Amino acid sequence: GHLIARANSVIQFSGGSVPANFEVRDAASGQMTGGAVTGDLVVTDAASLDLQGGAAAANLSVQGFASVAFSGGAVTGNLSLGDYSRVHYSGGSIGGSLDVDVFSALTLQGVDFAVDGVPVGYGPVAALSGTLSGTLISGEGFSNAFTRSTIGTIRLISADTDADGLPDSEDNCPDDPNADQADADGDGIGDVCDPAFDGDGVPDVGPFAPSGGPGSEAGNSTAMALGD
C-alpha cells in the first residue's frame with residue numbers, strides 16, 4: 001500500500017519498493033536516496049522532501065505550501081506544483097511535463113537554458129508554455145514541455161560557486177561568500193570583492209582613500225612634493 005509520513009514526522013527512504021504512492025504531508029519531512037515507488041510521489045500540507053535518488057514510476061505532485069529539493073533520482077511522469085508550493089530542481093530527470101500552477105514556483109539551476117530552442121538568460125521565464133531545455137548543475141540534460149499560470153513562476157538560476165546560498169547569476173561577488181550582499185557604494189560589486197574597499201565600509205578612492213593612497217590628501221601632497 002501507500003507509504004505515508006505525516007504530522008511532523010521524519011522519514012528516510014533509501015531502498016526497496018513501494019507498490020503504491022509515497023506521500024509526505026502535514027509538515028512532515030522526507031528524504032529519498034534510493035528505492036522505487038510504483039505510484040506517485042506526493043508532497044503536500046507544508047511538508048518537505050529532499051529527493052536525491054531512487055525512482056518514481058508515476059508523477060511528482062507538490063501542493064499546499066510544500067517544498068522539494070530535487071537533486072537526483074528519476075520521475076517517469078509529470079512534475080506538478082500548486083498552492084504556494086516550491087521546487088528547486090538541480091539534478092535528476094523528469095520524463096513528463098513541468099506544470100506550475102497558481103502561486104507556486106519552480107527554480108531550475110543549471111546552464112544553457114532555452115525555450116522552444118531559443119536561448120534565454122537567467123531569471124524568470126516569460127513564456128506561459130513551450131519546451132524548456134538546458135543542462136542542470138548535476139550535468140544532466142533535460143527537455144520538457146511546460147505550462148505556467150500567469151501567477152506561477154519558473155525561475156532559471158546559475159551555479160553557486162562560493163556556496164553562500166546565492167546563485168552566481170544573482171550574486172554581486174560570485175567567487176567570495178557574502179550572503180548579506182553588502183554593497184556600500186552601490187556599484188553592483190559587493191564590498192568583500194570590491195577593489196575600492198578595504199573592509200572598513202569606506203571607499204578607498206578620493207578623499208576617503210587610506211593615508212598615502214591614490215586620491216588621498218597625503219597621496220596628493222606626496223605627488224606635489226615630487227613634482228616640485
Side-chain angles (χ1 to χ4, degrees), residues 1-110 125 128-134 136-157:
H2 301 309
L3 176 61
I4 301 176
R6 64 171 74 236
N8 299 300
S9 62
V10 178
I11 187 168
Q12 292 182 314
F13 182 31
S14 59
S17 63
V18 177
N21 296 341
F22 176 23
E23 301 181 15
V24 186
R25 56 176 64 242
D26 301 330
S29 63
Q31 182 184 68
M32 184 173 178
T33 58
V37 177
T38 302
D40 294 332
L41 281 173
V42 179
V43 189
T44 188
D45 300 331
S48 64
L49 174 66
D50 182 9
L51 181 56
Q52 301 179 16
N59 306 310
L60 170 57
S61 175
V62 190
Q63 307 287 329
F65 295 91
S67 64
V68 172
F70 189 175
S71 60
V75 173
T76 303
N78 303 326
L79 168 63
S80 61
L81 295 81
D83 299 326
Y84 298 94
S85 61
R86 300 288 182 269
V87 172
H88 184 106
Y89 182 31
S90 61
S93 64
I94 298 170
S97 62
L98 312 175
D99 303 309
V100 182
D101 208 345
V102 296
F103 300 114
S104 56
L106 170 62
T107 300
L108 295 94
Q109 189 169 23
V125 172
L128 296 178
S129 63
T131 298
L132 180 61
S133 60
L136 302 170
I137 60 170
S138 62
E140 295 163 292
F142 72 93
S143 180
N144 300 87
F146 75 91
T147 58
R148 177 181 69 82
S149 164
T150 55
I151 47 178
T153 303
I154 298 177
R155 179 167 154 256
L156 310 177
I157 64 173

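These values consider heavy atoms only, across backbone and side chains, with no hydrogens, waters or symmetry-generated copies. Given the structure is predicted, the values throughout are model-derived calculations rather than measurements.
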F13 vs F22 aromatic rings, parallel, tilted or perpendicular, using cut-offs 30° and 60°?
perpendicular
To the closest 0.5 Å, what do you measure between [atom1] ([X]) and [atom2] ([Y])?
| X | Y | atom1 | atom2 | result |
| --- | --- | --- | --- | --- |
| N144 | L79 | CG | CG | 8.5 Å |
| I157 | Q109 | CD1 | CD | 4.0 Å |
| L136 | S138 | CG | OG | 5.0 Å |
| S80 | L106 | OG | CG | 11.0 Å |
| L49 | S67 | CG | OG | 8.5 Å |
| T131 | F142 | OG1 | CZ | 11.0 Å |

Within the distance-only criterion (no hydrogens, no angle test), does the side chain of [X] pair as donor or acceptor with the backbone N or O of [Y] below 3.5 angstrom?
| X | Y | result |
| --- | --- | --- |
| N21 | D40 | yes |
| D45 | R25 | no |
| T76 | A58 | no |
| Q31 | D50 | no |
| D26 | A47 | no |

Closest heavy-atom pair and its distance - [X], [Y]:
| X | Y | result |
| --- | --- | --- |
| V75 | N78 | CG1-O, 4.1 Å |
| G39 | A56 | O-CB, 4.3 Å |
| S104 | D101 | OG-O, 2.5 Å |
| L60 | F70 | CD2-CD1, 4.2 Å |
| A7 | A28 | N-CB, 4.5 Å |

For the pair L156 and L132, evaluate side chain to side chain contact (heavy atoms under 4.5 Å, CB included) and give the outcome as yes or no after the intermediate values.
CA-CA 10 Å; L156 310 177; L132 180 61; 4.3 Å; yes
Going through the checks in order, is the side chain to side chain contact (heavy atoms under 4.5 Å, CB included) test met by V100 and T153?
CA-CA 7 Å; V100 182; T153 303; 5.8 Å; no
Intermediate values then yes/no, side chain to side chain contact (heavy atoms under 4.5 Å, CB included), V37 and M32
CA-CA 10 Å; V37 177; M32 184 173 178; 3.8 Å; yes
Close side-chain approach of S85 and Q63, heavy atoms under 4.5 Å
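SC-SC contact between S85 and Q63 ruled out.
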Taking atom types as modelled, is there a side-chain donor on D99 or S97 under 3.5 Å from an acceptor on the other?
yes
